Amino acid sequence: SCHWTSTHRLIWRDVKNHECCIAMPLSQILLFEEQAAGIGKSAKIVIHLQATPANKEPGPYQHSKYSFIKLSFKEHGQIEFYRRLTEEMTRKRWENTPASQPIPIGTGSQAGRTRAVGIVGIERKIEEKRKETDKNISEAFEDLSKLMVKAKEMVELSRSIANKIKDKQFGLRSYLLSMGIADPVTRETHGSGTHYHMQLAKQLDDMLQAPLEERGGMMALTEVYCLVNRARGMELLSPEDLVNACKMFESLKLPLRLRVFDSGVMVVQLQSHSEEEMIASALDNVSDKGSLTAEEFAKLLGLSVLLSKERLLLAEKMGHLCRDDSVEGLRFYPNLF
Amino acid sequence: MHRRGVGAGAIAKKKLAEARYKERGNVLAEDQIVQMSKQLETFKSNLEEFASKHKQEIRKNSQFRVQFQEMCATIGVDPLASGKGFWSEMLGVGDFYYELGVQIIEVCLALKHRNGGLITLDELHQRVLKGRGKYAQDVSQDDLMRAIKKLKVMGSGFGMIPVGGSYLVQSVPAELNMDHTVVLQLAEKKGFVTVSEIKDSLKWEKERACHVLDHLLKEGLAWLDSQAAEEAQYWLPALFSELTSRDVTPEEANQMTP
């Protein structure tokens, strides 16, 4: 929108030709009102004017049969404008302070120059900045395309080589991983350990001992992901990095295990917390209370609902618990059959 | 007299066996390794150059990120596969998406007891933006979707269900098949659905409708309003905006960080 109001004037400027301006003293305004937008019609503010004063400067028109002008707001702004105009019309600052220099109506007039720099100068800077940003973006896109062409060649070469080698050495796997190329044979970027993952696995063992103890020996992989990445702050692990590292626990003889439940939920588990213990604890707690839901069990043990549910399901699977599944919720009872 | 064992003959034989083995492609040949290393070095320096000029662009501009991701997909590369990958190390794309993953998990966890583990992409977007604070980079829905795709591999049931022109994000391993999805889509407009509506729109038998609705109730994804005027209404908190405008409470926030 190219309307704005100063403390003394209502000003309009041509979008295309920034040095073409029309100004009108606010003192000429009798009253103004909003006209809502309609279908095919933009929102408007109608300004009713007083009779022309004798000392009026020449303007775009000599005569008009109308005693009002309409400001059209094609792309919003009318609310803010209305508010501003109301404010200025209320304060009537033009009555107290003289107007500053006139806005240039023509081009190249020296007298108007100083005033023009203020407003036009700022607008020009914004315009330049935008052009520069556009230029940056288009340069970035161009460079990106060139980069991708080179990357593509590499990827094709790597794939054709990797396709022939079924038993991938560590080095080859690391290379594929760094490029982000899925193993063409297994189609996975995870499930393939590298030195990096071995190191990670050991780091995880250190990091997770205490938190696991606090949580009854088990944590969902998503919990681990958040814990580890929050601690790292940068150079974060990808979800696949985490899964790959956890898959190496057993082969590295670390006391942790990655475990997948029937539901698909993946957890990291302390090896010392055996299956039997977990099931026994579930059975004990359920027998003690008569019956338990996953939420209730979670509260008892201080575990997440997700993992409590998995434990109860496990105990059920082993035949120690049975369920009552109603719309009230899923409740587990000791299996007395 | 012939020597047995070690000797020129035995060595030649060994070399032949090695050559045959390599030929069968079971091991990378020397020159292949050299070739790949050279290419890798060249590529790394290209990537470094690109990064030095445009790393900021990727972090600031979501449109650019979309372009970047699509181009990578075209050439068959997953820049987010590993934090150790060149793409994530040099361009910092990894950290951007992996951190977003953490924020998504936390929001979903905090709201799970309210909505059963189902949330609209819009609401997730709003809440993530809020959590990031006003000085953080802008994050688009495309960014969220890519981060969610990556989270799937950790097995906690992350997925997206197309509904009403956008998506519902699932963050629990509840089994949702086509029947469930279709009912969710039906419920999208009003935030609730009735058995009659399902029968009328989808032409199902009452039993099938009830079976699906029961499952949604059991999974905590739907709440039953049996006091409703004509017929029982099944409300989906994920779609019911009045409930979801509440801020996360301190108790819920405790669920978030381990």
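Being a predicted model, the structure only gives us computed values, none of them experimental. Chain identifiers are assigned alphabetically (A, B, ...) following the order of the sequence lines, protein sequences preceding nucleic acid strands; residue numbering begins at 1 within each chain.
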- request: Check whether L47(B) gets within reach of chain A through its side chain, its backbone, both or neither, counting any heavy atom under 4.5 Å.
  value: both

field: H215(B) NE2 to D325(A) CG distance, which is reported to the nearest 0.5 Å
entry: 9.5 Å

query: Side chain, backbone, both or neither: which part of K112(B) has a heavy atom under 4.5 Å from chain A?
result: side chain

query: Tell me, side chain or backbone of E99(B) under 4.5 Å from chain A's heavy atoms, or both, or neither?
result: both

task: Indicate the atoms forming the closest heavy-atom contact of S178(A) with W87(B), along with that distance.
output: O-CD1, 4.2 Å

- prompt: How far does OH of Y98(B) sit from CD of E240(A), to the nearest 0.5 angstrom?
  reply: 7.5 Å

- prompt: Would you say M148(A) and C72(B) make side-chain contact, with heavy atoms under 4.5 Å?
  reply: yes

Residue selection (most heavy-atom pairs with chain B, distance under 4.5 Å) from R232(A), E156(A), M179(A): M179(A)

- prompt: Are any of the side-chain heavy atoms of V305(A) and H113(B) separated by less than 4.5 Å?
  reply: no

query: Can you tell me if CD on Q271(A) sees more than 12 non-hydrogen neighbours from other groups inside 6.0 Å?
result: yes

- prompt: Among V102(B), N61(B), V77(B), I58(B), who wins on heavy-atom pairs under 4.5 Å with chain A?
  reply: V102(B)

task: Go through the atoms of F50(B) and report whether side chain, backbone, both or neither lie under 4.5 Å from a heavy atom of chain A.
output: side chain

query: Given that the side chain runs from C-beta out, which part of D95(B) has a heavy atom under 4.5 Å from chain A: side chain, backbone, both or neither?
result: both

- prompt: Are the side chains of K53(B) and E139(A) in touch, meaning some heavy atoms are under 4.5 Å apart?
  reply: yes

message: Less than 4.5 Å to any heavy atom of chain B: does that hold for the side chain of N229(A), its backbone, both, or neither?
response: side chain

message: If you count every heavy atom of other residues, nucleotides or ligands that lies below 6.0 Å from M318(A) atom CE, does the total exceed 12?
response: yes

message: At a 4.5 Å cut-off on heavy atoms, which part of E57(B) comes close to chain A: side chain, backbone, both, or neither?
response: side chain

message: Need one label for V265(A): side chain, backbone, both or neither, based on atoms under 4.5 Å from any heavy atom in chain B.
response: both

query: Which heavy atom of I105(B) sits nearest a heavy atom of Y225(A), and at what distance?
result: CD1-CD2, 3.7 Å

- prompt: For G83(B) and D241(A), which heavy atoms make the closest approach, and how far apart are they?
  reply: N-OD2, 2.6 Å

- request: Please flag which part of L80(B) lies under 4.5 Å from any non-hydrogen atom of chain A: side chain, backbone, both or neither.
  value: backbone

Over all atoms of both residues, closest heavy-atom pair of G180(A) and A81(B): CA-CB, 4.5 Å

statement: Applying a strict 4.5 Å limit to non-hydrogen atoms, the region of K84(B) in contact with chain A is both

Neighbour count above 12 (heavy atom, 6.0 Å) for E250(A) CD: no

query: side-chain contact (heavy atoms from CB on, under 4.5 Å) with I75(B): which of K150(A), K152(A), M154(A)?
result: K152(A)

task: Look at K146(A) together with E49(B) and state whether they make a salt bridge at an N to O cut-off of under 4.0 Å.
output: no

task: Could you check which of Q63(B), Q67(B), E219(B), Q103(B) has the highest count of heavy-atom pairs closer than 4.5 Å to chain A?
output: Q67(B)

Value rounded to 0.5 Å, distance of SG in C226(A) from CD in E106(B): 5.0 Å

query: Under a 4.5 Å heavy-atom cutoff, which of L306(A), L157(A), L242(A) has the most pairs with chain B?
result: L157(A)

query: Top residue by heavy-atom pair count (under 4.5 Å) with chain B, among L237(A), V155(A), T222(A)?
result: T222(A)

statement: chain A shares the most heavy-atom pairs under 4.5 Å, among T42(B), N46(B), D214(B), L151(B), with N46(B)

query: Is it the case that more than 12 heavy atoms not belonging to E214(A) sit under 6.0 Å from its CD atom?
result: yes

query: If you look at every heavy atom in M154(B) and P239(A), which pair is closest and at what distance?
result: CG-CB, 3.9 Å

- prompt: Does a side-chain heavy-atom distance below 4.5 Å link Y196(A) with S82(B)?
  reply: yes

